[in-house]
Amino acid sequence: MIRRLGQCHRAATLIEFAILLPVLAALLMGLMDIAYQAYIQAVLEGAVQKAGRDSTIEAADTSTIDGRVVTAVRRVAGNATVSPSRLFYSSFGVIKPEDFTDANGNGKHDPGECFTDINGNGLYDTDPGRAGQGGASDVTIYKVTVTYTRLFPVAGLIGWSNQVVLSASTRFKNQPFNVQSIPTSQVLCK
């Protein structure tokens with residue numbers, strides 16, 4: 001009789017464990033996935049900050065610098081897609097939409113409204129940055145976007161995507177190693 005009672009107790013423990021195991025496994029996989037994401041974000045931010053410091057130096061090779069960022073991220077994120085980009089501006093003060101005269105008061109630039117073309121392209125821009133590193137004393141925004149597939153499919157259980165998109169950016173001013181090329185600002189009505 002005592003043996004049967006012991007066997008029943010073991011069976012109850014086994015059933016309880018079988019009920020809790022999937023929940024515990026999902027919780028552990030979710031925590032590992034979030035920790036992995038935080039680790040990749042930290043590596044990405046460190047690599048972007050170093051790339052920003054290296055980019056300010058005269059004759060910096062941006063493709064080599066970008067390659068170092070890609071390598072750093074791929075050491076921890078394997079087959080991640082890493083996309084670096086640079087936009088440059090003549091100063092920190094112009095990192096904003098181009099000023100315009102809002103003739104109809106709707107808060108957005110409409111065709112025919114005058115605007116200050118600060119990047120010299122003849123078009124109204126919400127971001128007047130020009131692609132590339134820029135030149136002497138230009139301000140550059142360096143941004144890197146990383147996309148990778150989650151380690152575990154647990155995120156789908158709560159409606160999250162299986163793809164993770166992370167980004168990091170930095171702003172820096174190039175050293176004044178040469179003459180800065182600033183486009184002439186002009187007011188256009190287009």
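Judged by distance alone, with hydrogens and angles left aside, the side-chain atoms of R150 form no donor-acceptor pair with the main-chain N or O of G30 at under 3.5 Å. In this structure, Q41 contributes its side chain and S167 its backbone to a donor-acceptor pair below 3.5 Å. A donor-acceptor contact shorter than 3.5 Å is absent between the side chain of E98 and the backbone of D117. At least one donor-acceptor pair under 3.5 Å links the side chain of S161 to the backbone N or O of Q163.
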Test log, rule side chain to side chain contact (heavy atoms under 4.5 Å, CB included), inputs T62 and R86:
CA-CA 10 Å; T62 57; R86 286 179 172 78; 3.7 Å; yes
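The pair D138-R130 fails the salt-bridge criterion, with no side-chain N (NZ, NE, NH1 or NH2) lying under 4.0 Å from an Asp/Glu carboxylate O.
The shortest non-hydrogen separation linking V69 to A47 is CG2-O, 3.7 Å. Heavy atoms only, all atoms of each residue included: Q49 and S169 are closest at NE2-O, 4.0 Å.
Of the N and O atoms on the side chains of Y124 and D110, not one donor lies less than 3.5 Å from an acceptor on the other residue.
With hydrophobic clusters built from ILVMFWY side chains whose heavy atoms lie under 4.5 angstrom apart, Y142 shares a cluster with V146.
Shown here are the side chain to side chain contact (heavy atoms under 4.5 Å, CB included) partners of S63, two or more places apart in sequence or in another chain: D61. A search for side chain to side chain contact (heavy atoms under 4.5 Å, CB included) contacts involving A77 returns Y36, I40, V73, A80, not counting sequence neighbours.
The environment of N79 atom CG is sparse: at most 12 non-hydrogen atoms of other residues, nucleotides or ligands sit within 6.0 angstrom. More than 12 non-hydrogen atoms from other residues, nucleotides or ligands lie less than 6.0 angstrom from CZ of F92.
Taking the six-membered ring for Trp and thresholds of 30 and 60 degrees, F100 and H109 have ring planes more than 60 degrees apart, a perpendicular arrangement.
Within the 4.5 Å cutoff, the side chain of K143 has no heavy atoms near those of the L87 side chain.
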